[in-house]
Protein chains: 2
Amino acid sequence: MKKIEVIQNVLEANETIASRNRQLLTKHKVFAINIMSSPGAGKTSLILQTLTRLKDRLNIAVIEGDVASTVDAEKVQSEAKAVVQINTRNMPESCSLMAAMIESAIKDIPLDNVDLILIENVGNLICPAEFTLGEHKRVVISSLPEGDDKPIKYPLIFIDADAVIINKMDLLPHVDFDIAAFRRSIAGLNPKAEIFQLSCKTGEGIEKWCSWLSGQVKGNATKQ
Amino acid sequence: MKKIEVIQNVLEANETIASRNRQLLTKHKVFAINIMSSPGAGKTSLILQTLTRLKDRLNIAVIEGDVASTVDAEKVQSEAKAVVQINTRNMPESCSLMAAMIESAIKDIPLDNVDLILIENVGNLICPAEFTLGEHKRVVISSLPEGDDKPIKYPLIFIDADAVIINKMDLLPHVDFDIAAFRRSIAGLNPKAEIFQLSCKTGEGIEKWCSWLSGQVKGNATKQ
């Protein structure tokens with residue numbers, strides 16, 4: 001039972017730091033979202049589209065989580081108010097961001113000048129479901145080429161999501177993906193989740209997502 | 001330092017069981033491959049294509065690893081000599097198969113009547129890189145819609161691969177994927193890896209993959 005105790009302690013410690021992060025962010029009227037998906041489902045593309053649409057209305061910072069490399073941070077650098085890259089390669093848990101990494105990252109973000117932090121988690125449908133970071137909302141992206149069975153095979157991450165995004169809608173004519181079946185699976189696991197169908201490539205559906213997101217930011221905190 | 005010690009012990013214990021699995025399989029002249037990828041990159045589709053092409057020449061068993069559900073096992077059931085489903089949902093490591101799970105699964109496979117075991121790992125580019133299972137070869141699938149930067153962002157799993165498959169070649173006209181850049185990344189990380197470009201949907205390139213695989217099986221062990 002030793003091993004299970006250790007895992008339990010890690011999760012508890014993470015929860016404590018996550019609450020502290022959330023309190024700090026809320027105190028500074030900063031809204032944070034945790035964006036999770038498989039590798040290559042479109043987390044960085046969604047962040048880029050969101051920055052393009054909302055950067056004139058909101059001050060947005062980005063935290064990029066990757067096992068290795070800074071390619072995503074470089075992509076968003078010119079559009080975001082601040083960018084912090086976290087590489088998890090040599091950390092005890094490399095398959096997910098954890099609250100302690102966010103605690104350290106937000107020290108490099110000017111919280112009084114930021115309204116929204118977009119946190120891009122490590123590309124993974126399993127580990128990130130276990131660790132809250134101190135975010136206010138959790139978003140999962142599924143992309144059409146991955147297939148419509150992902151909620152059945154990786155239920156935990158979908159159960160806790162506030163919003164589920166179906167990305168790469170532009171590929172619908174070229175892949176087998178049953179949107180109704182996917183929506184039924186989400187409704188079964190998590191009927192309260194908002195579902196957005198969009199394409200970060202063509203921009204289709206991005207406006208609706210951004211309007212929901214800015215509504216969430218306003219509902220939580222306004223700087224003035 | 002307590003936590004790191006525990007992780008070290010888990011990896012060492014896994015390594016010991018993996019060697020035992022490999023010895024047992026080799027003794028029975030069974031060749032095993034560990035198939036790894038992101039969720040939805042095409043592991044099950046590759047297994048189905050491989051079964052279709054090779055089942056008349058080789059006796060093939062399949063071990064399906066998933067966090068939850070039996071949908072993949074059901075898909076391959078009619079084509080394989082034996083199928084074992086492993087669900088990792090309530091296990092200490094849910095993000096990868098581990099050697100102990102394989103040790104238990106192969107008890108349900110008639111080793112004397114099987115030439116090849118195709119092991120479908122959990123959909124994940126991070127955790128499976130850490131755990132050997134007792135397989136003879138390791139295969140990683142990358143699919144075009146995931147983007148060509150996966151080797152840079154998830155290097156460990158590509159460094160240890162014997163073969164890298166670029167799947168969903170049929171989507172090339174519809175996605176941004178630089179095949180030359182991807183191949184350069186693999187060559188930099190792991191110049192010995194065999195690279196196959198194929199489409200499990202159209203069947204393009206499958207013959208070459210199956211010919212390599214059956215060559216590996218024959219090189220390792222023959223039943224008579």
Side-chain angles (χ1 to χ4, degrees), chain A residues 2-7 9-10 13 37-42 44-45 66-72 75 87-89 92-96 122-130 142-157 167-168 170-177 185 201, chain B residues 2-7 9-10 13 37-42 44-45 65-72 75 87-89 92-96 122-130 142-157 167-168 170-177 201:
Chain A
K2 187 91 172 289
K3 182 153 184 294
I4 290 168
E5 270 171 40
V6 173
I7 290 173
N9 291 348
V10 171
S37 80
S38 299
T44 314
S45 305
D66 280 297
V67 177
S69 91
T70 56
V71 290
D72 290 344
K75 281 184 195 159
N87 280 155
T88 62
R89 189 170 189 172
E93 282 288 340
S94 61
C95 59
S96 176
V122 176
N124 195 310
L125 285 187
I126 306 165
C127 315
E130 306 262 11
S142 250
S143 63
L144 294 197
E146 294 171 68
D148 50 50
D149 59 0
K150 294 300 150 293
I152 299 169
K153 293 167 85 174
Y154 305 89
L156 195 58
I157 204 161
N167 188 24
K168 307 195 186 178
D170 54 291
L171 292 177
L172 191 56
H174 311 295
V175 297
D176 300 319
F177 189 100
S185 296
K201 190 171 183 183
Chain B
K2 187 88 171 294
K3 182 153 185 295
I4 290 169
E5 269 170 40
V6 172
I7 289 174
N9 291 349
V10 171
S37 80
S38 301
T44 314
S45 305
D66 280 297
V67 176
S69 89
T70 56
V71 290
D72 290 344
K75 281 183 194 160
N87 280 155
T88 62
R89 189 171 189 170
E93 282 288 340
S94 60
C95 59
S96 176
V122 176
N124 195 311
L125 285 187
I126 306 165
C127 315
E130 307 261 11
S142 249
S143 63
L144 295 196
E146 293 171 68
D148 51 49
D149 59 0
K150 293 302 151 293
I152 299 169
K153 293 166 85 173
Y154 305 87
L156 195 57
I157 203 161
N167 189 24
K168 306 194 188 179
D170 54 290
L171 292 177
L172 191 57
H174 310 294
V175 298
D176 300 320
F177 189 100
K201 190 172 181 180

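Chain letters run A, B, ... following the sequence lines, proteins first and then strands; every chain starts at 1. Both backbone and side-chain heavy atoms feed into the values below; hydrogens, waters and symmetry mates do not.
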Find the one option among A/P39, A/S38, A/S69, A/G147 whose heavy-atom pairs under 4.5 Å with chain B are most numerous.
A/P39
I'd like to check B/C127 versus A/C127 (side-chain heavy atoms, cut-off strictly below 4.5 Å). Are they in contact?
yes
For B/P155, which atoms come within 4.5 Å of any heavy atom of chain A: side chain, backbone, both, or neither?
side chain
Of all of B/G42, B/S142, B/A41, B/A68, which one pairs up most often with chain A through heavy atoms under 4.5 Å apart?
B/A68
Going from CG on A/D149 to OG1 on B/T44, what distance comes out if it is rounded to the nearest 0.5 angstrom?
8.0 Å
Proximity breakdown for B/D72 and chain A, heavy-atom pairs closer than 4.5 Å:
side chain
Distance col, row A/K153:NZ vs B/D66:CG, nearest 0.5 angstrom, shows 5.0 Å
What closest approach, in Å, do B/E130 and A/S94 show between heavy atoms, and which atom pair accounts for it?
OE2-OG, 4.3 Å
Quick one: what part of B/I152 sits under 4.5 Å from any heavy atom of chain A, side chain, backbone, both or neither?
both
Which heavy-atom pair separates A/H174 from B/H174 by the least distance, and what is that distance?
CE1-CE1, 3.0 Å
Taking all atoms of both residues into account, what is the closest heavy-atom pair of B/K168 and A/E146, and its distance?
NZ-N, 4.4 Å
Distance (rounded to the nearest 0.5 Å) between B/S96 OG and A/I126 CD1
8.5 Å
